[in-house]
Amino acid sequence: MTHYQGNNYFSADFSDRETLHKVSEITSPQGQVGDSETQDDRPASPVPHIIVWKVNANGQATYLSPCWEEYTGVPASAGLGFGYLACVHPEDRPRLLARSGPNVRDAQSYEIKFRLQTRCGTYRWNIARGSRANPDSQDFLEWVGTYTEMDTIEQTQAWPEGEPEFWHPQACSEPNFRAENLCEVIKVTDAAADLQAIERFTNLLSQRAGDLSELLQALADATLEAIAGAEFCLVALPEGDCSGLKLIAVGGAQNFEKGKTPQVQDKLLLKAFATGESQLWYSDSGSGVPAATCAAAIESGETGRLGVLVIGNGKESAALDGSLPLLAVMGKQAAIAINTARAIEKLKKQEQLLDLQNELLIRQQEELEKQSRRIQQQKLQLLEAARLKSQFLSIMSHELLTPMNAIIGFSQLLLRQHKQLLSTQQTQMVARILNNGKNLLVLINDILDLSKIESCSTQLKTEEFDLAHLVMDVALEFGTQATEKKVAISVNVCLQDQFIVNDKWRLRQVLVNLISNAVKFTHRGCIWIEVGELNGDRLNITVRDTGIGIGETDLPHIFDKFHQGDQTITRNYPGTGLGLAICASLVQMMNGTITAESQLEKGSTFKIEIPRKIHDKL
């Protein structure tokens, strides 16, 4: 077969009237057909309803043509096996089943009348004609035949008494049997050939299921191959905007001269597409019009009508007699193949989209991995920088601590002997050296503690001690400073059991930082230190003052390292800004929490919650 790609062929060789059929014409096909009928263009007589079937030697149906479902309303798949007997009149089932049984294995053909239930539920008389599907085989395999409705017999007519139900070849000769079947549209002896043609047709379409354009051309070529009397085949599908039908594929164009094409009746295509009924048209007008044309809808029960399948013969009007049912079956098979091809194309597009998405995701994943590696590298660099910083601070603190201890020690020694060696002015100067040395020692110790905490070298050393005594001792240390500033210190301890298990020295360090800050930033009023018990065996330590307070913008950062409310070098309150940061780290090591509340010019409140008993971390 000659193949023609795409629509290039049709746009050059077909007229606009043939390639595009308007929807306005489809809406009233009956009237248009009647308007154009002539004596030479006349529709064929209606075709009887014929069901093609195949049964095996046990009477089980192995094939039922699409006409079965149209006639009975029962799907062909449900009629396979013995399912078809449900539509046969109960009185006729034994006779019909017996005709394909082992007792007639020597018969070559048979004919029997029976009643078959229609879609509307009534029973109508049918003639079942069957013949062996393999007459030359020694082993009996299956029967093939047709069910044809008997329009001339009344539904109430009983089976004539004495009339034979089954004619063996001895009672009805083979020539007479074949002569009676010449008037039928589909002969019983041709049923097997039709089934084989449909099978070949389906196989050819399945080979092109992956590409829709190739499938449509294969559809036209396969239809020509299956129907012997057809000289050409056309496939017409709706336009993309559903405005009409357009010829998509042609088969058998080699049978016509170049530039000349068959003038297919537009109304024939329109009527087949609009009604879904197969059409057979004869014409004696000549002038390039085919002598016989058949049109069947390409129709699917799931997706509806997809187009029209057309065959024709240019010279012999009888060449397509009996081809209409076979073309209708091919139209249904073509609809299945087209739906499959469209589904495959849709899946391919989805697969391509998924591939693109996967490729994009892979690229994004690679970029995220690169970013993750960069972040990890930066993290390692920061950790290394922090380690070097902590190491530097630790080394410098130790180096500063040694001379500072000497300065403080010699200052204390001089002050003890000031009466013998030093004058009053010299004594005051040594006292200043001692105080500044102690302040500097506090700063050095803070830096040393911070470096130890950051390097995770700080370990808690737990012991049992009296918390009330510890709080009172720390408060008394700052009593002189508070008295000099005329600030009162109040201590309130309410504990049923004053003994706890904690690191006494580290807890003392936290209290010293909090109380010293309260004394430093409070110039009038009072400082309250309260210790109480909470639920769940936890303790609460509160240090509250009436000092200068902390601003709203500084409060969230109060526990940050090196953070101070006044960041200028001329600030009134000296310090490194490490005290509260060290307190927060130590309280966290004690499995506790520390919070702060403050308002400017109204004071600050620091609350610590710690467990009554902590355990050493190994």
Side-chain angles (χ1 to χ4, degrees), residues 48-135 137-174 176-178 180-181 184 186-192 195:
H49 210 114
I50 299 175
I51 301 172
V52 180
W53 51 265
K54 291 177 71 175
V55 299
N56 58 22
N58 296 324
Q60 294 178 318
T62 59
Y63 172 79
L64 292 170
S65 66
C67 293
W68 168 268
E69 183 174 354
E70 296 177 3
Y71 188 82
T72 63
V74 177
S77 58
L80 298 179
F82 291 110
Y84 70 98
L85 293 175
C87 298
V88 178
H89 195 281
E91 297 178 359
D92 301 336
R93 293 173 188 171
R95 294 187 294 101
L96 185 63
L97 188 60
R99 297 304 165 246
S100 58
N103 58 332
V104 294
R105 61 182 298 115
D106 295 334
Q108 295 296 320
S109 60
Y110 69 84
E111 180 179 300
I112 184 174
K113 301 185 182 76
F114 73 102
R115 284 162 287 183
L116 186 63
Q117 191 176 29
T118 63
R119 180 185 292 269
C120 61
T122 60
Y123 288 95
R124 298 185 66 86
W125 286 100
N126 279 257
I127 295 179
R129 292 186 173 91
S131 62
R132 294 184 60 173
N134 51 344
S137 176
Q138 297 295 330
D139 298 327
F140 179 79
L141 296 177
E142 58 184 348
W143 295 93
V144 62
T146 59
Y147 296 153
T148 306
E149 183 179 307
M150 303 171 60
D151 294 330
T152 57
I153 301 178
E154 297 293 339
Q155 295 185 30
T156 56
Q157 179 177 346
W159 189 274
E161 184 176 359
E163 183 177 346
E165 300 176 4
F166 177 84
W167 288 271
H168 294 277
Q170 294 82 358
C172 181
S173 64
E174 186 67 20
N176 291 334
F177 177 78
R178 294 189 181 276
E180 292 175 0
N181 287 329
E184 302 293 343
I186 297 181
K187 300 179 182 179
V188 174
T189 55
D190 292 337
L195 293 175

To the nearest 0.5 Å, what is the distance between [atom1] ([X]) and [atom2] ([Y])?
{"X": "T148", "Y": "L116", "atom1": "OG1", "atom2": "CG", "value": "11.0 Å"}
{"X": "R124", "Y": "Q117", "atom1": "CZ", "atom2": "CD", "value": "13.0 Å"}
{"X": "R129", "Y": "I112", "atom1": "CZ", "atom2": "CD1", "value": "12.5 Å"}

Check your understanding: R132 versus W143: any side-chain heavy-atom pair under 4.5 Å?
Key -> yes
Exercise for review: Might you point out which heavy atoms bring A61 and G79 nearest each other, and give the distance in Å?
Suggested key: CB-O, 3.8 Å
Sequence neighbours excluded and cut-off under 3.5 Å, please list the side-chain donor-acceptor pairs for residues 82-92, or say none.
residue	atom	partner	partner atom	Å
Y84	OH	G59	O	2.6
H89	ND1	E91	N	3.1
E91	OE1	R115	NH2	3.1
D92	OD1	R95	NH2	2.6
D92	OD1	R115	NH2	3.2
D92	OD2	R115	N	2.8
D92	OD2	R115	NE	3.0

Point to revise | Residue that, paired with F114, satisfies ring pair (Phe, Tyr, Trp, His ring centres under 6.0 Å) out of Y147, W125, Y123 | key: Y147
Point to revise | W53 (side chain) donor-acceptor with T146 (main chain) under 3.5 angstrom | key: yes
Exercise for review: Just jot down the side-chain hydrogen bond (donor to acceptor under 3.5 Å, both in side chains) partners of Q60, sequence neighbours excluded, or say none.
Suggested key: N56
